[in-house]
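Structure first, then comments.
Sequence lines set the chain letters: A, B, ... in the order given, protein chains first and strands last, and positions in each chain run from 1. As the structure is a prediction and not an experimental result, all values here were calculated from the model.
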2 protein chains.
Amino acid sequence: MKISEVAELTGLSVSTIRFYEKSGLCPIIQRGTDGKRRFSKTDADWLDLLASLRATGMRMSEMRIFADLYASGDATIPKRKDALLAHRQSLAARQAELERYRTILDRKLQKYDEIMKDQK
Amino acid sequence: MKISEVAELTGLSVSTIRFYEKSGLCPIIQRGTDGKRRFSKTDADWLDLLASLRATGMRMSEMRIFADLYASGDATIPKRKDALLAHRQSLAARQAELERYRTILDRKLQKYDEIMKDQK
DNA sequence: GCTTGACCTGAAGTGGCTTCAGGTCGGTAT
DNA sequence: ATACCGACCTGAAGCCACTTCAGGTCAAGC
């Protein structure tokens, strides 16, 4: 797979993918004879998972830990699962937070409505 | 009100509040004879609203527009309401996105479970 | 009178990218 | 054959939204 295709698939930008490789968030990608990156299905899948983690607010430092576990092979799967569980927890917390803020904004909007009615 | 109290109230850090003032996101705050900032109730309320906007992902550039409307007085309330409505829309979109990602993570977790069962 | 702690400032540092300048390569149109 | 194009490459610089730092003022309490 070409880098542009992985970008399309994952929603990450081409630069972000290169940046993630340089930062050690994914394995070093194989190159073709032309010097261009050739992504395996496994590489692409991993980057797709990273994209989900990033989109849900996981920090690079945490992603790096996760990536190091990934690089150490299948024996780390239980640990990876634990990390993912913890992240799902923090995602749920974030969702609850956003829900709280939504009601705050709604109340503020209501206030604006009242002010505008009074002035009419 | 002292800056530390406003920080406590809004959840913004003391530095962020100073940074917001410097960036024109809130009115220039009055100073006491000692040179320290004295926040009015109105200032504090405004910063509290800003905190909600920031927490729900509004960009500084957008906040600045909103702040400029605020600085121009009550006549801009309808425009401010429109801006807030638009932001509520984008918040709802963000919430939907997070919900999608949550199911993706759940599926991934399930896969890990299966792998771990197989290996047992 | 000396220390402590909350405040002040401008400047530099950080995370997580994005953009830029400049270069290589393979394919196609003239 | 050569000129151009687009996709890729690199390292470095830029950007946003803060945070941290170095160094300073001042009032209050010991």
So does [X] pair up with [Y], basic N to acidic O under 4.0 Å?
X: B:Glu62; Y: B:Arg59; value: no
X: A:Lys41; Y: A:Asp45; value: yes
X: B:Glu99; Y: B:Arg102; value: yes

Can you check side chain to side chain donor-acceptor pair (under 3.5 Å) on A:Gln95 and B:Gln95, steps first, answer last? CA-CA 7 Å; A:Gln95 286 186 295; B:Gln95 286 186 294; over 6 Å; no
Expressed in angstrom and rounded to an integer, what is the separation of A:Asp34 atom CG from D:dG6 atom C1'? 14 Å
CG of A:Leu47 versus C1' of C:dC17: gap in Å, rounded? 15 Å
Set out, line by line, the N/O atom pairs under 3.5 Å between protein and nucleotides 6-9 of chain C.
{"unit_1": "C:dC7", "atom_1": "OP1", "unit_2": "B:Ser4", "atom_2": "OG", "d": "2.8"}
{"unit_1": "C:dC7", "atom_1": "OP2", "unit_2": "B:Ser4", "atom_2": "OG", "d": "3.4"}
{"unit_1": "C:dC8", "atom_1": "OP1", "unit_2": "B:Arg37", "atom_2": "N", "d": "3.0"}
{"unit_1": "C:dC8", "atom_1": "OP1", "unit_2": "B:Arg37", "atom_2": "NH1", "d": "2.7"}
{"unit_1": "C:dC8", "atom_1": "OP2", "unit_2": "B:Arg18", "atom_2": "NH1", "d": "2.5"}
{"unit_1": "C:dC8", "atom_1": "OP2", "unit_2": "B:Arg37", "atom_2": "NH1", "d": "3.2"}
{"unit_1": "C:dC8", "atom_1": "O5'", "unit_2": "B:Arg37", "atom_2": "NH1", "d": "3.4"}
{"unit_1": "C:dC8", "atom_1": "O3'", "unit_2": "B:Arg31", "atom_2": "NH1", "d": "3.4"}
{"unit_1": "C:dT9", "atom_1": "OP1", "unit_2": "B:Arg31", "atom_2": "NH2", "d": "2.9"}
{"unit_1": "C:dT9", "atom_1": "OP2", "unit_2": "B:Arg37", "atom_2": "NH1", "d": "3.3"}
{"unit_1": "C:dT9", "atom_1": "OP2", "unit_2": "B:Arg37", "atom_2": "NH2", "d": "2.9"}

Under 6.0 Å from the CD atom of B:Glu8, do we count more than 12 heavy atoms belonging to anything else shown? no
If you count the non-hydrogen atoms of other residues, nucleotides and ligands that lie under 6.0 Å from CG in A:Asp106, is the total more than 12? yes
For the side chain of B:Thr76 and the backbone of B:Ser72, is there at least one donor-acceptor N/O pair under 3.5 Å apart? no
Using nucleotides 14-21 of chain D, report all nitrogen or oxygen pairs with the protein that are shorter than 3.5 Å.
{"unit_1": "D:dA17", "atom_1": "OP1", "unit_2": "B:Met60", "atom_2": "N", "d": "3.1"}
{"unit_1": "D:dC18", "atom_1": "OP1", "unit_2": "B:Arg54", "atom_2": "NH1", "d": "2.7"}
{"unit_1": "D:dC18", "atom_1": "OP2", "unit_2": "B:Tyr20", "atom_2": "OH", "d": "2.6"}
{"unit_1": "D:dT19", "atom_1": "OP2", "unit_2": "B:Ser13", "atom_2": "OG", "d": "2.9"}
{"unit_1": "D:dT19", "atom_1": "OP2", "unit_2": "B:Thr16", "atom_2": "OG1", "d": "2.5"}

Residue pair A:Ile115, B:Lys81: steps toward the side chain to side chain contact (heavy atoms under 4.5 Å, CB included) verdict: CA-CA 11 Å; A:Ile115 293 171; B:Lys81 197 198 130 191; over 6 Å; no
